[in-house]
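Working notes for the structure below.
Here the structure is a predicted model, which means the values were calculated and not measured. For reference, positions follow the sequence shown, starting with 1. Counting starts at 1 for both ligands and their atoms, in listed order.
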Amino acid sequence: MVVPRPVLTQPSPGSPFVLGPTARISVAGPGADAVGRLLSEALADDCSRDLPVVAEPPAFGDIAVVIAHGEGAHDDGSDSAEGYTLEVAAEGVRIGAATPAGAFWGVQTLRQLLPAAGDGDGDRDGLTVEQVRIHDHPRYAYRGAMLDVARHFFTPAEVKRFIDAIVLLKVNHLHLHLTDDQGWRIHIESWPELTRIGGSTGSDGSRGGFYTQDEFRNIVAYAAERNVTVVPELDMPGHTNAALASYPVLNPDGVARPLYTGSDVGFSTLRTGDAVTRRFVRDVVREVAALTPGPLLHLGGDECLSTAPDDFVAFVEEAAHVVAENGKTPVGWHEMGKAHGLPAGTVGQYWDFTTPRDRSAEYAVTFVRGGGSLILSPSDAAYLDIVYAEGDPIGQDWTGKPTTLRDAFVWDPARVIPGVGDAHILGVEAALWTETVGTIEEVEEMVLPRLAAVAEVGWSPAPADTEPVEAARDLDEFGARVARLAEHWDATGTRYRRVPDVPWPEPVG
Ligand code: ACM
């Protein structure tokens with residue numbers, strides 16, 4: 001009953017494991033201590049238990065976390081960077097992995113197998129797990145969630161709460177959309193007005209805000225402890241009104257734009273080809289690259305409807321080279337694939353539909369031809385700001401129809417762009433744009449449970465080539481597993497939408 005569905009689950013008969021009052025977490029191997037501590041913290045939240053972490057061999061009834069070569073479950077017997085094996089027996093639980101990342105994902109699986117909040121009325125004796133052996137590793141290296149902190153700002157504490165929610169689903173990248181027309185959210189020492197002016201408001205005149213560089217580093221570190229890589233996005237040359245409001249010199253006519261709190265797109269552009277704009281790009285990329293231990297830096301490049309086509313191509317090629325010179329791999333939305341001179345290996349993020357329209361597939365293929373790979377975020381499946389149902393008060397409807405749990409679940413990344421299979425797909429990402437989403441509770445209700453579907457699409461094994469994707473993805477079976485997740489969401493105060501198709505537990509409280 002785990003989401004994402006593991007590669008192999010072998011239940012066995014026999015007495016279940018009981019998480020008894022003297023249970024400990026026994027850790028062995030490099031990095032196991034930190035993973036053990038995170039397991040201990042999670043069990044305190046999930047089921048009010050306080051397990052000590054000990055560097056001693058496991059005794060009867062303990063949970064062992066072992067990190068060593070050869071433990072990282074791959075189908076061919078080799079170590080997978082994020083693979084793990086979880087064995088549950090009456091004597092104890094053992095999580096084995098070759099890396100802390102693998103062990104951490106094994107921890108998430110164990111959390112899901114344990115009943116959250118005890119069985120019934122906090123009955124701690126009821127914390128049992130049936131015997132099972134799970135062997136698991138991800139289909140894709142990149143499973144992402146994007147949070148748009150530019151339209152509505154979310155505090156560092158709220159971003160950490162979001163990270164806590166995504167790791168239960170083994171999502172390992174947090175893409176922060178840091179800049180847009182409505183707000184600039186990361187402090188840049190060399191251009192301080194970006195946050196002083198550009199960070200002062202947000203969509204619908206909301207509170208505004210920004211991360212100091214220390215706050216941003218702290219978010220990145222919190223994520224990294226949980227095996228989540230932060231991908232910062234500086235969207236340019238369009239989606240830049242907040243920057244244009246902060247510095248007159250960035251504007252094509254040299255006049256600062258007013259701050260913008262509406263929801264239109266495509267009206268703003270940097271003054272491409274200009275020496276000051278070049279300096280701006282070098283400065284912001286350099287500072288954000290220096291704050292980012294992860295390999296990726298996203299440059300946006302979407303919906304540049306006010307930039308002349310040739311200027312757009314010249315600008316994104318130059319800016320992407322600046323990213324590469326700063327030691328990062330550039331990422332761009334698929335429109336950036338109009339440019340054929342991007343640095344080798346530039347990653348594209350595809351956001352058109354599961355059936356491509358216009359030239360979106362052609363632009364996406366540019367990245368593959370350039371030696372890069374693709375992140376798939378088809379907007380009719382993986383854009384979690386789209387309403388769940390007609391008439392929802394929160395959410396957008398520009399894709400033409402609501403995105404149900406089925407829509408988020410029943411698609412396959414390798415069947416979206418003709419000719420682009422798993423060898424060229426880095427992974428999947430669910431995106432939450434926040435024009436209409438103003439609080440962290442609303443964020444969670446838009447994201448959960450649909451993120452569980454996208455996470456499973458990104459982690460669990462590919463459907464057989466011969467099998468229609470509708471046959472491979474059993475919504476009823478998935479819904480039953482999602483219902484189990486809801487116990488964890490209830491126990492941790494995480495909000496979610498009680499969509500149809502899921503046999504939800506009785507509401508708490
Ligand atoms: C996008 O939705 N404009 C990437």
Note to self: Checking side chain to side chain donor-acceptor pair (under 3.5 Å) between E233 and each of H239, Q349, H175, which is the one that passes?
What the structure shows: H175
Notebook entry, point to check: Going by distance only, is there an N or O of Y383 that falls short of 3.5 Å from an N or O of ligand 1?
Noted result: yes
Notebook entry, point to check: At a 4.0 Å threshold, what atoms of ligand 1 neighbour a non-hydrogen atom of E303?
Noted result: 3 (N)
Check: Below 3.5 angstrom, do we get any N/O pair linking D302 and ligand 1?
Finding: yes
Next item on the list: Search all heavy atoms of E441 against all heavy atoms of R161 and return the closest pair with its distance.
Entry: OE2-NH1, 3.9 Å
Check: Is the side chain of S306 donor-acceptor paired with the backbone N or O of T269 at a distance under 3.5 Å, no angle test?
Finding: no
Check: Taking Y222 for the side chain and R226 for the main chain, is one N or O donor matched with an acceptor at less than 3.5 Å?
Finding: no
